[in-house]
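Here's the structure, in structure tokens; my notes come after.
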Protein chains: 2
Amino acid sequence: MTDRLLLEEFLPYRLVRASELVSRRFAARYREAYGISRPEWRTFAILGQLGRTTATEIGRQSTMHKTKVSRAVASLEERGWLSRRVDEADRRIEWLTLTATGSKVYAELAELARSFQQQLADDLGAEAAAALERGLAAVEARFSVSSG
Amino acid sequence: MTDRLLLEEFLPYRLVRASELVSRRFAARYREAYGISRPEWRTFAILGQLGRTTATEIGRQSTMHKTKVSRAVASLEERGWLSRRVDEADRRIEWLTLTATGSKVYAELAELARSFQQQLADDLGAEAAAALERGLAAVEARFSVSSG
DNA sequence: ACTAAACAGTTACACATGCAACTATCAACT
DNA sequence: AGTTGATAGTTGCATGTGTAACTGTTTAGT
């Protein structure tokens, strides 16, 4: 029993916990305001940023499973926030764009996110926030899509 | 459309993605080696570290829902890795401890975690790893259990 | 002693999720 | 043209998960 694993020093564990603490709070905000789920928020945010993209691309960027994305897209379409259009040249591909309503909601959600980010940065303090960003950048660089 | 939210600069999103990238890889390791799920690993790791604890305490530390913990405990008991005993003074409480088998497996899993951690630190580099730890510490300090 | 509230833990049920298999389409090779 | 393999996306099914309701127990107030 001399060699216990100290979870408070174990990076993957700390990352998961920190991520849950933060994203849970943010999720509460947009859930209360718009009644959307996490996969929906993620899908919507990526589409809003890119303006026009595909479900596959959303899956790639978000690390969400393609069925998750597929269902989120279907749900957002039902809400009337996005619309699909089949690519003429390659009819397997569906291009997603925001509707007028979607654009309006997106602007509001983006503002909500920005204010949350600001609050978070204030809470953490400039130095700690910068350190966190540097650390995350390193993880992203080492672990992202390409590097299996 | 001038004010898109840039997800690559949005901390909650980056935190979630980084956490998923890292923990997914680590999960693949212990899943292949021992066939346990993430809630099982988390429960087991906390119990192993504390030596003797309760389901409620595990929930508190891990941010896992109590039903998740309850099921993980049941599953680990079936594997013969832990045993329960009702507290004499307060019979609502169940004390959890590792069995002999459980202790043996825990030692191996702890070693697996340590080697993963080492590998991760090497991949990130000392400086980035330290920055990440500082950032996470700040999040933990601001967002942990007590602070609503 | 009695009632109400609090707590540890489990379970029923509805919903979310991932895997595998599917449809539809395209590209490459014969 | 026909076959094979890859790709975009959806769906059936089994499993995982959270909410709420439950049991059993303790504590506090009356």
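The structure displayed is predicted, hence computed values, not measured ones. So you know, we letter chains A, B, ... as the sequences are listed, proteins then strands, and number each from 1.
A:R31 has its CZ atom 12 Å from the P atom of D:dG18, to the nearest Å. Taking atom CD on A:E40 and atom P on C:dT17, their separation rounds to 9 Å, with Å as the unit. Per the geometry, CZ belonging to A:R60 stands 10 Å off P belonging to D:dT7, to the nearest Å.
Here A:L6 sits alone; no ILVMFWY side chain lies under 4.5 Å from its own, so it joins no hydrophobic cluster.
Sorted by first and then second residue, the ring-ring contact (aromatic ring centres under 6.0 Å, His included) pairs with a member in residues 52-77 of chain A form an empty list; sequence neighbours excluded. Pairs engaging residues 116-126 of chain A under the side-chain hydrogen bond (donor to acceptor under 3.5 Å, both in side chains) rule: A:Q118-A:D122, A:Q119-A:D123 [sequence neighbours left out]. Residue pairs meeting the ring-ring contact (aromatic ring centres under 6.0 Å, His included) criterion with at least one member in residues 77-100 of chain B, sequence neighbours excluded, are B:F44-B:W81.
Note on A:T54: only backbone sugar-phosphate atoms sit closer than 4.0 angstrom, heavy atoms only; bases stay farther off. Contact annotation for B:R38: no contact, since no heavy-atom pair falls under 4.0 Å across all strands.
Between D:dG9 and A:T56, a contact under 4.0 Å exists linking OP1 or OP2 to a side-chain N or O.
Around the CZ atom of A:R84, the shell of radius 6.0 Å holds more than 12 heavy atoms that belong to other residues, nucleotides or ligands.
B:E20 has no carboxylate O lying under 4.0 Å from a charged side-chain N of B:R17, or vice versa, which leaves the two without a salt bridge.
Counting atom types as modelled, B:R24 pairs no side-chain N or O with a base atom of C:dG18 as donor and acceptor under 3.5 Å. A donor-acceptor contact under 3.5 angstrom links the side-chain atoms of A:R71 to the base of C:dG18.
In this structure a side-chain-to-backbone donor-acceptor pair under 3.5 Å is missing from A:Q61 to A:I46.
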Listing time: all N or O pairs from protein to nucleotides 25-29 of chain C that are below 3.5 Å?
{"unit_1": "C:dC26", "atom_1": "OP1", "unit_2": "A:R91", "atom_2": "N", "d": "3.0"}

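In this pair, A:W41 and A:Y30 present their aromatic rings parallel. The plane angle is below 30°, not in the 30 to 60° band.
Closest approach of A:R4 and B:Q49 over heavy atoms only: NH1-O, 2.6 Å.
For the contact set between residues 62-70 of chain A and DNA chain C, defined by any heavy atom under 4.0 Å, the members are A:H65, A:T67, A:K68.
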